[in-house]
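Below, read A as the first sequence line, B as the second, and so on, with proteins coming before strands; counting in each chain starts at 1.
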2 protein chains.
Amino acid sequence: MSPFKAAQLSPKTRDALTAAQLYYLQDLTMDAIAHELHTSRSSVSRLLGHARETGLVEIQVRSPLDMPRQLEGDIRATFGVTAHVVPVPDQTSDVERLDRVALSAARILGGFVDSNMSLGVAWGSTMSALSRHLLAKPTHNATIVQLNGAANPRTTGILYASEILQRFGSAYGANVQQFPVPAVFDDPATKAALWRERSISRVVEMQKTLDAIVFGLGSPFAGVPSHVYIGGYLDDNDFAQLRATGVVGDIATVFYREDGSSDGIPLNDRSSGPSLDVLRGIARRVCVVSGESKLQTLRGALAAGLVTDLIVDSGTARQILAG
Amino acid sequence: MSPFKAAQLSPKTRDALTAAQLYYLQDLTMDAIAHELHTSRSSVSRLLGHARETGLVEIQVRSPLDMPRQLEGDIRATFGVTAHVVPVPDQTSDVERLDRVALSAARILGGFVDSNMSLGVAWGSTMSALSRHLLAKPTHNATIVQLNGAANPRTTGILYASEILQRFGSAYGANVQQFPVPAVFDDPATKAALWRERSISRVVEMQKTLDAIVFGLGSPFAGVPSHVYIGGYLDDNDFAQLRATGVVGDIATVFYREDGSSDGIPLNDRSSGPSLDVLRGIARRVCVVSGESKLQTLRGALAAGLVTDLIVDSGTARQILAG
DNA sequence: AAACCCGATGCACAAACGTGCAAGGAGACC
DNA sequence: GGTCTCCTTGCACGTTTGTGCATCGGGTTT
């Protein structure tokens with residue numbers, strides 16, 4: 001209307017806000033809201049969807065404080081990590097399990113992200129699913145940093161990895177730092193050379209001072225092999241080597257054993273991911289896992305002290321405690 | 001099942017918690033949840049209702065931080081109080097307006113209440129509506145204190161006032177301190193005598209050290225007279241006196257003028273409510289108002305510095321700024 | 001043992017809701 | 001001016017959800 005009263009926020013957001021207020025705080029029906037806002041009920045439905053997507057509405061489920069959830073307490077006691085157990089019925093398929101955990105993880109992650117922070121992000125099927133469920137949370141001056149390269153002999157991987165990164169960036173209104181290198185180098189010397197390039201070393205340096213990281217776990221020999229292992233990133237030789245050295249998993253293409261050790265794994269010298277020591281130097285390390293096929297893998301990551309916050313499905317949570 | 005694993009929370013609460021998690025955090029349909037919980041869909045619907053009622057689920061609507069809502073900002077700038085403006089369309093009836101404001105107020109109040117605190121509560125139609133919408137929030141060692149008596153020549157008023165108090169008590173799991181005295185004494189000497197009784201003075205003393213209070217505003221001469229003014233608490237003489245001394249409203253049967261002054265109002269000496277000076281000594285003073293008939297009344301309360309947090313409908317908010 | 005009360009359950013129906021679709025509008029580009 | 005694209009809107013439909021009602025089981029009173 002009047003151009004004098006600057007509309008600080010878009011009319012859409014304004015409406016979404018009122019709608020949310022009326023719907024969630026006053027329990028009006030969408031019909032009633034539509035009437036008040038002079039629009040159609042379906043628009044209100046969409047408006048509310050928008051409000052949820054963009055984080056205008058925040059829904060929390062909080063167990064009574066005096067009774068933290070059983071499994072989560074047990075996990076903290078046993079492994080010293082903060083756990084978020086996502087309830088999933090036992091007979092759920094692995095894909096649905098993954099998706100449900102990723103969905104919850106996306107919501108939880110919103111609570112960790114804040115202005116002026118830098119967040120390291122891995123890639124893989126878990127991260128991909130997670131990125132698709134992110135809720136918007138506008139921040140200032142935050143940075144998203146890719147943890148490891150995604151190129152392989154067949155593709156540059158840029159499309160795949162950057163899709164994930166971009167979703168993080170736009171959800172949080174953050175800068176995105178890509179890392180356009182192969183996931184695993186053929187020749188360690190090439191890696192060393194590239195690491196001396198300023199455009200690359202800049203990112204490598206950023207990785208060392210991250211405030212938080214999010215990652216899934218890769219499991220090379222599990223029933224459902226992870227993205228890394230079927231994407232042509234590794235050849236038969238590499239696989240044999242991994243098996244020979246007792247590897248049970250990886251974080252950002254850096255490999256470790258079930259006891260948490262990672263010394264003497266040659267592949268790590270050729271990997272583009274940050275060394276486990278670098279990872280351990282980061283304050284908050286959020287690990288998202290689902291499915292029993294990752295049990296061993298998860299055990300290793302916990303043993304290696306790579307995790308500070310664990311988001312996991314209830315079945316796997318129970319098993320890791322039982323084991 | 002096993003008696004060894006102590007069930008810390010009732011199975012109902014446990015189910016409600018999982019259901020809430022699945023519904024609000026994983027966006028499952030109630031049907032799907034019913035299946036997972038081995039019960040009927042309708043039970044899940046009820047379970048979720050229970051979860052909301054009891055505060056297991058918390059829903060917040062948060063305007064983007066960089067743009068606090070217009071009216072609320074204006075009110076803070078003009079009157080120096082934190083405002084919560086409840087959107088209500090202009091042509092809404094007064095009763096519905098009251099109810100919607102009370103509903104929102106009940107939710108907001110939950111954010112102010114905490115363990116170990118004492119909360120003073122008034123009575124009246126606003127407080128009655130508010131009490132009916134309270135959301136449960138379990139706390140330890142909190143106390144609810146009645147601010148002013150409710151007895152009048154016709155009834156003891158205990159039923160009416162205690163109903164309100166009880167709802168507060170059970171919502172927050174708090175002790176309730178009743179105040180079984182007349183709202184307004186016929187003879188000031190009786191009040192003085194009663195105030196020397198230890199059972200009464202105990203409550204009077206508590207009133208002086210409250211952490212917070214909630215109250216509506218009474219408006220003696222407005223189009224819709226408040227509960228106090230039609231309950232037989234005052235006689236014609238009293239009314240005449242109020243009008244003569246320029247009273248525009250009351251908080252817990254203590255009266256004030258539009259400019260905020262309250263000296264030379266004889267009725268106040270006979271009132272059971274805490275003096276305005278006592279009120280002003282309380283850190284958080286939450287005022288719930290709705291409807292333009294309370295405009296003058298609200299103006300007086302603001303002028304008197306009796307309010308720190310204001311919960312008000314949008315129409316009245318606009319008018320108080322316009323005035 | 002009968003009678004009673006109370007909370008929990010599922011059914012069935014109406015109300016409320018999400019979403020694919022086609023229509024309308026506002027730029028951007030030719 | 002045309003037309004192409006992209007976003008928004010309301011409708012219509014199928015799905016999802018709230019709730020009155022009848023039922024049932026367990027505990028208490030008579």
Side-chain angles (χ1 to χ4, degrees), chain A residues 1 3 7 9-57 59 61 87 89 96 99-100 103 106-107 132-133 135-136 166-167 170-171, chain B residues 1 3 7 9-57 59 61 87 89 96 99-100 103 106-107 132-133 135-136 166-167 170-171:
Chain A
M1 300 289 139
L9 30 67
S10 71
K12 178 172 176 180
T13 313
R14 195 174 37 72
D15 280 357
L17 213 49
T18 349
Q21 189 131 156
L22 296 176
Y23 189 77
Y24 288 109
L25 267 34
Q26 292 191 34
D27 295 330
L28 297 206
T29 73
M30 295 186 180
D31 234 348
I33 299 172
H35 202 256
E36 294 196 9
L37 289 169
H38 307 294
T39 177
S40 75
R41 193 187 51 73
S42 22
S43 295
V44 174
S45 172
R46 283 186 263 259
L47 228 37
L48 288 172
H50 173 75
R52 283 188 301 263
E53 294 285 314
T54 56
L56 257 49
V57 172
I59 303 185
V61 176
E96 194 188 333
D99 204 58
R100 284 172 63 166
L103 179 62
R107 304 207 185 222
R132 244 175 281 115
H133 294 301
L135 293 182
Q166 287 307 342
R167 282 198 276 251
S170 70
Chain B
M1 299 293 140
L9 28 67
S10 72
K12 178 173 175 178
T13 313
R14 194 173 39 72
D15 280 357
L17 211 50
T18 352
Q21 189 132 157
L22 296 176
Y23 189 76
Y24 288 109
L25 265 34
Q26 293 190 32
D27 295 329
L28 298 205
T29 74
M30 296 186 180
D31 234 348
I33 299 172
H35 203 256
E36 294 196 9
L37 260 47
H38 305 293
T39 178
S40 76
R41 194 188 52 70
S42 19
S43 295
V44 174
S45 172
R46 283 186 263 259
L47 227 36
L48 287 172
H50 174 74
R52 283 188 301 263
E53 294 285 314
T54 56
L56 259 49
V57 173
I59 301 183
V61 176
E96 194 188 332
D99 204 58
R100 285 174 61 167
L103 180 61
R107 305 207 184 223
R132 244 175 281 115
H133 293 300
L135 293 183
Q166 287 307 341
R167 283 198 274 252
S170 69

(request) Could you walk me through whether Met30(A) and Leu47(A) pass the side-chain contact (heavy atoms from CB on, under 4.5 Å) test, one step at a time? (result) CA-CA 10 Å; Met30(A) 295 186 180; Leu47(A) 228 37; over 6 Å; no

Just the rounded figure in Å: distance from [atom2] of [N] to [atom1] of [X].
X        : N       : atom1 : atom2 : value
His38(A) : dT9(D)  : NE2   : P     : 15 Å
Asp31(B) : dC11(C) : CG    : C1'   : 13 Å
His50(A) : dG18(C) : NE2   : P     : 15 Å
Leu48(B) : dA16(C) : CG    : P     : 18 Å
Glu53(A) : dG18(C) : CD    : P     : 12 Å
Met30(A) : dT16(D) : CE    : C1'   : 11 Å
Leu47(A) : dA16(C) : CG    : P     : 19 Å
Asp27(B) : dC17(C) : CG    : P     : 16 Å

(request) Looking at every strand, decide which applies to Ser43(A) at a 4.0 Å heavy-atom threshold: base, sugar-phosphate, or nothing. (result)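 The answer is sugar-phosphate, as Ser43(A) gets under 4.0 Å only of primed atoms, P, OP1 or OP2.
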
(request) Identify whether any heavy atom of Thr29(A) sits under 4.0 Å from a base atom; if not, whether one sits that close to sugar-phosphate; answer base, sugar-phosphate or nothing. (result)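 Thr29(A): backbone/sugar contact only, no base atoms under 4.0 Å.
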
(message) Is any side-chain heavy atom of Leu28(A) closer than 4.5 Å to one of Arg100(B)?
(response)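 In contact.
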
(message) Taking 4.0 Å as the cut-off, does a side-chain nitrogen or oxygen of Tyr23(A) come that near to OP1 or OP2 on dA16(C)?
(response)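 False: Tyr23(A) side-chain N/O out of range (4.0 Å or more) of dA16(C) OP1/OP2.
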
(request) Kindly give the heavy-atom pair with the smallest separation between Ala20(B) and Val57(B), and that separation in Å. (result)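 Scanning both residues, the minimum pair turns out to be CB-CG2, 3.5 Å.
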
Which nucleotide in [options] has an atom nearest any side-chain atom of [X]:
X        : options                   : result
Ser40(B) : dG10(D), dT19(D), dG10(C) : dG10(C)
Thr39(A) : dT17(D), dA12(C), dG10(D) : dG10(D)
Arg41(A) : dG18(C), dT17(D), dT19(C) : dG18(C)

(request) Indicate whether the side chain of Tyr24(A) and that of Arg107(B) have a donor and an acceptor atom separated by less than 3.5 Å. (result)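 No, because no side-chain N or O of Tyr24(A) sits under 3.5 Å from a partner of the opposite role on Arg107(B).
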
(request) Check if the side chain of Arg46(B) and the base of dG7(C) share a donor-acceptor pair of N or O atoms closer than 3.5 Å. (result)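 Counting by modelled atom types and ignoring angles, no donor-acceptor contact under 3.5 Å is found here.
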
(message) So for atom NE2, which belongs to His50(B), do other residues, nucleotides or ligands contribute more than 12 heavy atoms lying within a distance under 6.0 Å?
(response)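 Above 12, so yes.
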
